[in-house]
2 protein chains.
Amino acid sequence: MFSQSEENYLKAIYQLSSITKDGVSTNDIAKKLETKASSVSDMIKRLSEKKLIEYKKYYGVRLTKEGEHIACSVVRKHRLWEVFLVDKLNFSWDEVHDVAEQLEHIKSPKLIEELDAFLGFPKKDPHGDPIPDKHGNYHVVEKTLLSNLHPGEKGICIGVKDSSSDFLKYLDRQAVKLGDEIAVMAKEDYDDSIHIKIDKRELNISKKIASNLYIQTP
Amino acid sequence: MFSQSEENYLKAIYQLSSITKDGVSTNDIAKKLETKASSVSDMIKRLSEKKLIEYKKYYGVRLTKEGEHIACSVVRKHRLWEVFLVDKLNFSWDEVHDVAEQLEHIKSPKLIEELDAFLGFPKKDPHGDPIPDKHGNYHVVEKTLLSNLHPGEKGICIGVKDSSSDFLKYLDRQAVKLGDEIAVMAKEDYDDSIHIKIDKRELNISKKIASNLYIQTP
DNA sequence: ATAAATTTTTAGACTTGTCTAATTTTTAAA
DNA sequence: TTTAAAAATTAGACAAGTCTAAAAATTTAT
């Protein structure tokens with residue numbers, strides 16, 4: 001069995017790996033986990049001895065098959081718990097993260113399979129991220145950032161890149177939800193803000209907002 | 001905030017306190033937590049510094065108001081999670097303990113209040129133990145052990161004293177459930193076994209079994 | 001190609017929580 | 001009441017995980 005700390009490192013490496021084909025650097029892990037590079041170095045040694053990652057000093061790390069399996073199952077648990085909190089316990093999507101960070105470490109295969117069934121085998125978490133099934137498989141949907149769309153183009157909002165509470169609350173205030181159709185009306189060269197039409201309303205949003213909304217591409 | 005280990009000690013002291021009016025001894029705690037007396041001594045010092053228990057060397061410990069509050073909330077969480085597992089996730093009453101031991105340490109006031117509501121504010125866990133409400137209040141039902149009943153007496157089975165998996169599985173095999181009416185037909189002096197009538201069936205059970213079943217007294 | 005900047009690792013310290021072995025205190029027994 | 005047994009505590013060690021500060025390796029820039 002693995003400690004919560006080990007699981008957190010594996011999850012961080014798993015998520016950082018998905019955005020680069022190179023190994024993951026010590027510093028990147030440290031930043032992601034808000035810890036010191038020296039602590040990461042120590043943990044890398046431990047995980048390496050346990051054959052959960054591959055590691056050569058001064059080079060990045062990669063997950064082994066087993067490391068990836070564990071990381072993926074932690075992600076699965078995290079996202080299933082998020083669905084539970086939102087669907088069953090009236091949490092809003094900006095409140096779930098910290099609790100799911102705790103719940104993802106509960107050890108019980110039966111618990112997670114039953115929870116999955118209880119929730120109706122959801123495919124996405126409240127932020128639009130895919131939930132791996134028990135074998136680690138998940139469906140990748142073609143998507144792009146709203147900031148990449150040109151005036152006249154449109155699509156369905158299917159996820160958020162940043163799932164910080166502040167960003168999600170902003171979306172709530174603007175009544176922007178997953179599943180909404182968003183059409184880009186115009187782009188403002190001066191500040192890169194864009195004018196969109198969403199759900200019959202028109203709205204002006206900044207470049208930063210547009211860079212954190214995923215749009216399904218047909 | 002308190003560590004899982006600290007919470008476990010407080011819970012153990014809380015539960016041991018309920019069966020004696022004296023302070024709780026180091027050895028009793030060690031036995032309950034399956035650890036060494038020296039470890040208990042160490043932890044007692046820490047909890048005492050944090051004002052969660054009162055402690056005088058070589059005498060038993062008692063919870064302070066705050067210590068009791070924490071312990072009670074851990075018990076509340078444990079029992080609510082047990083109800084969740086049985087009512088919603090198809091766990092049987094002999095499978096819930098270990099998972100609830102983990103879940104009871106999740107920190108989120110909203111989580112536990114919403115869970116309580118989601119479950120319909122249950123008053124008892126699957127083993128018949130009372131669930132404290134958010135203020136720490138719970139209803140104590142007058143009860144006695146089945147082994148204390150005399151031939152001719154009867155009552156409703158409302159709880160188990162031992163909630164080990166082995167005992168609960170035995171009850172399942174004999175189809176003895178909480179809520180069943182049990183009447184004592186006869187007692188056997190030779191081995192203290194008793195003959196009972198339950199749910200139209202007649203059954204012979206040992207002294208040990210009868211000493212672990214709670215019966216509601218009118 | 002060498003120096004400067006950055007990244008990574010190591011050395012050593014600290015905390016939490018545990019253990020064994022030895023000692024002290026309390027309790028029970030003769 | 002002195003002794004033996006039981007219970008509790010202390011001393012010292014260890015493992016996990018973290019940190020700071022310093023050293024080593026690598027990368028970048030001139």
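Excluded from the calculations below are hydrogen atoms, water molecules and symmetry mates; all remaining heavy atoms, backbone and side chain alike, are included. So you know, we letter chains A, B, ... as the sequences are listed, proteins then strands, and number each from 1. Worth saying up front: this structure is predicted, and the values here are computed from it rather than measured.
Every residue meeting the side-chain contact (heavy atoms from CB on, under 4.5 Å) condition with B:Asp133, not counting sequence neighbours, appears here in chain and number order: B:His135, B:Asn137. Considering only residues two or more places apart in sequence or on other chains, A:Asp189 meets the side-chain contact (heavy atoms from CB on, under 4.5 Å) condition with none of them. Taking A:Asp166 as the reference, A:Ser164 meet the side-chain contact (heavy atoms from CB on, under 4.5 Å) condition, with sequence neighbours excluded. With sequence neighbours left out, the side-chain contact (heavy atoms from CB on, under 4.5 Å) criterion links B:Ser41 to B:Thr26. When the side chain to side chain donor-acceptor pair (under 3.5 Å) test is applied to B:Asn27, no partner is found at least two apart in sequence or on another chain.
For residues 1-27 of chain A, every residue pair satisfying the salt bridge (charged side-chain N to carboxylate O under 4.0 Å, His left out) rule, not counting sequence neighbours, is listed here: A:Glu6-A:Lys50, A:Glu7-A:Lys107, A:Lys11-A:Glu101, A:Lys11-A:Glu104. Sorted by first and then second residue, the ring-ring contact (aromatic ring centres under 6.0 Å, His included) pairs involving residues 80-117 of chain A (not counting sequence neighbours) are A:His78-A:His97, A:Trp81-A:Phe84, A:Phe84-B:Phe84. Every pair tested for salt bridge (charged side-chain N to carboxylate O under 4.0 Å, His left out) that includes a residue from residues 31-46 of chain A fails, sequence neighbours excluded, so the list is empty. Sorted by first then second residue, the ring-ring contact (aromatic ring centres under 6.0 Å, His included) pairs that include residues 30-77 of chain A, not counting sequence neighbours, number zero.
For the contact set between residues 14-34 of chain B and DNA chain D, defined by any heavy atom under 4.0 Å, the members are B:Ser25, B:Thr26, B:Asn27. The stretch residues 48-59 of chain A touches DNA chain C through A:Tyr55, A:Lys57, A:Tyr58, each having a heavy atom within less than 4.0 Å of the strand.
D:dT20 atom P lies 5 Å from atom NZ of A:Lys36, rounded to whole Å. Regarding A:Leu10, its CG atom lies at a distance of 15 Å from the C1' atom of D:dG17, rounded to whole Å. Here D:dT20 presents its C1' atom at 12 Å from CG of A:Asp42, a figure rounded to the nearest Å. Note: CG (A:Leu47) to P (D:dG17) measures 9 Å, nearest angstrom.
Around NZ of A:Lys177, the count of heavy atoms belonging to other residues, nucleotides or ligands within 6.0 Å exceeds 12. No more than 12 heavy atoms of other residues, nucleotides or ligands lie within 6.0 Å of OH in A:Tyr138, so this atom counts as exposed by the packing criterion.
When each of D:dT10, D:dG17, D:dT20 is scored by its nearest atom to the side-chain atoms of B:Lys45, the top-ranked nucleotide is D:dT10.
Between chain B and DNA chain C, the heavy-atom contact criterion of under 4.0 Å yields a 5' to 3' nucleotide range of C:dG17 to C:dT26.
With DNA chain D read from its 5' end, the first of the two nearest nucleotides for A:Ser3 and B:Ser38 is the one closest to B:Ser38.
OP1 or OP2 of D:dT18 lies within a sub-4.0 Å distance of a side-chain N or O belonging to A:Ser5.
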